[in-house]
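Numbers restart at 1 for each chain; the letters A, B, ... are given by sequence-line order, proteins then strands. In what follows, every heavy atom counts, from backbone to side chain, and hydrogens, waters and symmetry copies are set aside. Being a predicted model, the structure only gives us computed values, none of them experimental.
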There are 2 protein chains.
Amino acid sequence: MSSSSWIDRAHALLAADGRKRGGARTAVLELLGGESCALTAVEIEDALRAQSSRAVSRASVYRILDQLECLGLVQRVETGQAMVRYERVHEHDEHHHHLVCDGCGLVMPFSDAGLERAIRSISERVPLSVSEHEIVLHGACPDCRDVEGEHHT
Amino acid sequence: MSSSSWIDRAHALLAADGRKRGGARTAVLELLGGESCALTAVEIEDALRAQSSRAVSRASVYRILDQLECLGLVQRVETGQAMVRYERVHEHDEHHHHLVCDGCGLVMPFSDAGLERAIRSISERVPLSVSEHEIVLHGACPDCRDVEGEHHT
DNA sequence: ATAAGAACGAGACTTAGTCTTATCATGGCT
DNA sequence: AGCCATGATAAGACTAAGTCTCGTTCTTAT
């Protein structure tokens, strides 16, 4: 199962970075390991409080996410929803991007080789050493499109 | 000059939408018309206050930007800098995207036909009617890259 | 000129995210 | 085992972007 291997890799990288173990970080890792798509810091805080597994304070959530981002274990995703989302990054995993429904806020992943190619080529021609990219396409999901058309029910 | 034609078009569309003229909106239009790249709401507020041309309250800035966005006159740009940027949209103008320096916050525009092609093709294959896209590549500008390497001055 | 309604300003309010400080846990060391 | 240095955590004050409300002022059609 790839999620537990991600957790293992995370623990290993953290140890290599000279970090000690702690209950809060372990809880966050386990939550992220079991999620395939992007969560906000607030969602993480709430989920942990609700799961009765272990509550983690807001400051810890942000600190832990920062550490994980520095180690390349999670990635920030800007969905234009006024808050940052985070999701785990797999080593070999194909890079994926996101579709956001502006109606209901639904976020879903997609990936495309042509897009990656285009971006790689741009990165070489531009006056900026590009470190990462994250593409978000906005639109309406099937449900929300239907609702829009229902001005006659 | 294309900026004044954008202002004219804006006034025309607003009138067609049944809106009356007002000093605050005119001031915002003139500022945006003279800017080629994206500004934040706060930058707009500050610029207008500083320019002695005409101060515009925060609520008005946001209200006006919303109206302009609805009419397709401005576009939101998510740069991942914890605040939204807005820039004017030209009818025929080729679509442009942005490079953001994570070191100093510099934002600069770029455009690429291959990228547009890739996105158009994705839009057709995805379970979401894509309405808009805005791509932001992150990295380090030449200045900031140099600074990073200067751990020995 | 007047009235209807749009535009505006002031400031209270909300909330994502940051920062501070005190307390707690961990693991090395004697 | 007991102590101590250091990193991890909790609680909540704080910052700032963005929203909301409501009373006032300005536009424009008649």
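Taking atom CD on Glu43(B) and atom P on dG18(D), their separation rounds to 11 Å, with Å as the unit. Between the P atom of dA8(D) and the CZ atom of Arg58(A) lies a distance of 21 Å, rounded to the nearest Å. Across the protein-nucleic acid pair, Gln67(B) atom CD and dA6(C) atom C1' stand 9 Å apart, rounded to whole Å. We find that CG of Asp17(A) is positioned 15 Å from C1' of dT6(D), with the value rounded to whole Å. In this structure, the CD atom of Gln81(A) is 16 Å from the C1' atom of dG18(D), given to the nearest Å. Rounding to whole angstrom units, CG of residue Leu29(A) and P of dT9(D) are separated by 10 Å. At whole-Å resolution of the value, CZ in Arg21(A) and C1' in dT6(D) are 18 Å apart. To the nearest angstrom, P of dA16(C) lies 13 Å from CD1 of Ile44(A).
In this model, the phosphate group of dA10(D) is approached by a side-chain N or O of Ser57(A) to a distance below 4.0 Å at OP1 or OP2. Within the 4.0 Å cut-off from OP1 or OP2 of dA10(D), at least one side-chain nitrogen or oxygen of Arg54(A) is found. Close to dT19(D), at under 4.0 Å from its OP1 or OP2, lies no side-chain N or O of Tyr62(B). Under 4.0 angstrom from either OP1 or OP2 of dG9(C) there lies at least one side-chain N or O belonging to Ser60(B).
Summary of the strand contacts: Val84(B) and Arg63(B) both lie near DNA chain D, and taking for each the nucleotide with the nearest heavy atom, the more 5' one is attributed to Val84(B). Looking at which nucleotide of DNA chain C each of Met83(A) and Ile64(B) is closest to, the 5′-most match is held by Ile64(B).
Of the candidates dT27(D), dT9(D), dG17(C), the closest approach to any side-chain atom of Lys20(B) belongs to dT27(D). Among the nucleotides dG17(C), dA8(D), dC8(C), the one closest to the side chain of Arg25(B) is dC8(C). Ranking dT19(D), dG17(C), dG9(C) by closeness to the Ala24(B) side chain, first place goes to dG9(C).
Inter-residue side-chain proximity for Leu137(A) and Val126(B) is flagged as unmet; no heavy-atom pair is nearer than 4.5 Å.
By the 4.0 Å N-to-carboxylate-O rule, Arg85(B) lies too far from Glu78(B) to be salt-bridged with it. Between Glu87(A) and Arg76(A), none of the side-chain N atoms (NZ, or NE/NH1/NH2) sits under 4.0 Å from a carboxylate O, so this pair counts as no salt bridge. Under 4.0 Å is where a charged nitrogen must lie from a carboxylate oxygen, and between Arg49(B) and Glu45(B) at least one such pair does.
Heavy atoms of Gly23(A) sit under 4.0 angstrom from primed sugar atoms or phosphate atoms, though from no base atom. Residue-level contact check: Ala59(A) touches the bases, meaning some heavy atom is under 4.0 Å from a base atom.
Under the 30°/60° scheme for interplanar angles, the aromatic rings of His95(A) and His133(A) are found to lie parallel.
With hydrogens and angles ignored, no donor-acceptor pair under 3.5 angstrom links the side chain of Arg19(A) to the base of dG7(D).
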